[in-house]
Amino acid sequence: MKKKMSVLFVAILLFLWSLIWTKYGDTYDCINLYERPFFNYHSLKNHTYDFPVRYTSNPKRIRGQKSSQLFNPSNFWLNGKGCPLGMVPIRRNTMADLKRAKLAIEIHNSKYKPLTIDKRGTHYAIVGTKNKNNVYHGGSASISIYNPKVKGTQYSSARIKVQNYPDSIEVGWTVNPTLYNDTRTRLYTFTKTAKSSCFDTLCNSLIPVRTDIPLGIPLESISTPEQQFDLQLMLFCNGNWFLKFGQDETVIGFWPKNVFTALGDSANYVEWGGEVFSPPGVPSPPMGSGYSERLEENTKYDAYCRQIKTINETDYVVNAVDTESFSDIVQYQVIDEGRVGADQHLVLFGGVGGYIGE
Ligand SMILES: *[C@@H]1O[C@H](CO)[C@@H](O)[C@H](O)[C@H]1NC(C)=O
Ligand SMILES: *[C@@H]1O[C@H](CO)[C@@H](O)[C@H](O)[C@H]1NC(C)=O
Ligand SMILES: *[C@@H]1O[C@H](CO)[C@@H](O)[C@H](O)[C@H]1NC(C)=O
């Protein structure tokens, strides 16, 4: 009897050891990245051997950058640090969470080809690269963080996107209650391939690598006219695609090359800007700061993507050139300011919304 009790005790301890909680009340499982029984990462089977090597490589930079901290694990995790070494946090989803996520994917997929007009409820104010024959090994930007008001199944996002049809990766911030069941601004990714599409780590495409930074984290520093906060993000392809976060360019996850059919080696299109969705009949939500109907052409008031860059075929991070801007309705605006200063290619975007269709 005693023995049985102690076995049970150890089992409970082990179970609790692999569970962690955030101060927002979310539960995460700590998963061993190398064992992955939990996930069945079939797409990884042929890849385990090369990712730790690739994982360390960096694109080449022409100049250095200052750094500031966006994410502090001790403000996020109840245990102050996240998972034990060698493990990654994966959100424990309830049936209700998964149901909402499925709906969020359906909503997100009900859309568009870039640079065409389609008013089906998804609206864009973006700047994208023009020449589809170019080869890109990635893109990056610092995106100002806002918390636009959305309701129901609406969402409002600001993001970078890389694409090589039929594959694409989006990364940025979003307010998406369908996905997260709250109206916080959160870091998100959306991965689309011929076979699947999903947010964050909800399907087998994006592999998280940090013990402390999961996808979907709330971004609490919201910009105001007095002070702007940026989300610095980079997508970099070097065999696999890597997601780099913050000014120290921490890798927080990667997509194994064989997840994709076309995007595996490079992108032929990179895009920056805002995206919103509203179901029919509901006035569309604000995009970006949502302060005013027309852009002020001032980074204190307009949402921006600054230092928009692409990574070229020889892995240099360079200023984005040959770009064009697009917005599908007048309620959302985008201004490509072009190069302002040595290291800056600035894009302003946003709008108050309120579009209810024709
Ligand atoms: C793994 O590699 C083998 C041999 O190269 C190939 O036949 C198989 O389809 C690959 N599996 C996956 C999941 O890519
Ligand atoms: C959303 O969160 C609330 C608690 O804030 C919870 O009661 C509700 O069940 C959640 N809804 C879904 C669909 O997960
Ligand atoms: C990439 O950029 C670097 C730095 O500007 C340049 O030297 C190199 O030629 C570029 N590579 C390609 C393929 O354009």
Side-chain angles (χ1 to χ4, degrees), residues 47 50-51 53-68 114-115 126-143 159-172 189 191-193 230-273 299 304-326 334-348:
H47 260 263
D50 76 348
F51 92 72
V53 181
R54 299 280 192 181
Y55 172 49
T56 58
S57 64
N58 284 308
K60 303 163 195 124
R61 285 201 168 270
I62 295 159
R63 74 190 80 218
Q65 269 159 352
K66 57 183 162 38
S67 115
S68 75
L115 304 185
I126 52 167
V127 161
T129 53
K130 241 192 280 188
N131 185 345
K132 290 282 188 325
N133 296 321
N134 283 352
V135 173
Y136 300 106
H137 282 180
S140 66
S142 291
I143 307 171
R159 79 289 188 284
I160 306 172
K161 176 174 181 173
V162 294
Q163 177 175 291
N164 203 336
Y165 189 81
D167 307 318
S168 62
I169 300 172
E170 261 172 58
V171 55
T189 63
T191 311
K192 192 169 166 61
T193 69
D230 290 358
L231 172 61
Q232 189 169 319
L233 293 168
M234 175 184 278
L235 288 166
F236 173 47
C237 174
N238 182 8
N240 305 312
W241 278 90
F242 294 92
L243 171 56
K244 294 175 172 235
F245 168 81
Q247 285 189 309
D248 49 6
E249 299 191 350
T250 308
V251 173
I252 59 176
F254 76 102
W255 293 260
K257 178 192 173 107
N258 59 0
V259 162
F260 303 108
T261 44
L263 193 62
D265 291 313
S266 61
N268 63 359
Y269 177 71
V270 188
E271 183 185 286
W272 302 263
T299 52
Y304 59 79
C305 292
R306 64 183 179 87
Q307 298 189 339
I308 69 162
K309 289 170 193 284
T310 54
I311 302 172
N312 75 13
E313 202 175 349
T314 45
D315 292 342
Y316 276 86
V317 183
V318 296
N319 262 307
V321 292
D322 293 325
T323 50
E324 60 188 334
S325 43
F326 168 81
V334 60
I335 299 176
D336 188 344
E337 296 278 350
R339 281 182 76 159
V340 294
D343 201 25
Q344 287 266 21
H345 182 154
L346 180 67
V347 170
L348 305 171

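Counting starts at 1 for both ligands and their atoms, following the listed order.
Polar contact with ligand 3: present for Thr314 (N/O pair, distance under 3.5 Å).
If you number the atoms of ligand 3 from 1 as listed, the ones under 4.0 Å from a heavy atom of Val318 come out as 2 (O), 5 (O). Close contacts between ligand 3 and Asn312 involve ligand atoms 1 (C), 2 (O), 3 (C), 8 (C), 10 (C), 11 (N), 12 (C), 14 (O) [criterion: under 4.0 Å to a heavy atom].
Shown here are the side-chain hydrogen bond (donor to acceptor under 3.5 Å, both in side chains) partners of Asn131, two or more places apart in sequence or in another chain: there are none. Under the side chain to side chain contact (heavy atoms under 4.5 Å, CB included) criterion, Asn268 pairs with Lys132, Asn164, sequence neighbours left out.
Applying side chain to side chain donor-acceptor pair (under 3.5 Å) to Trp255 and the options Asp167, Thr191, Thr189 leaves one that passes, Thr191.
In this structure, a donor-acceptor pair under 3.5 Å is present between the side chains of His137 and Asp315.
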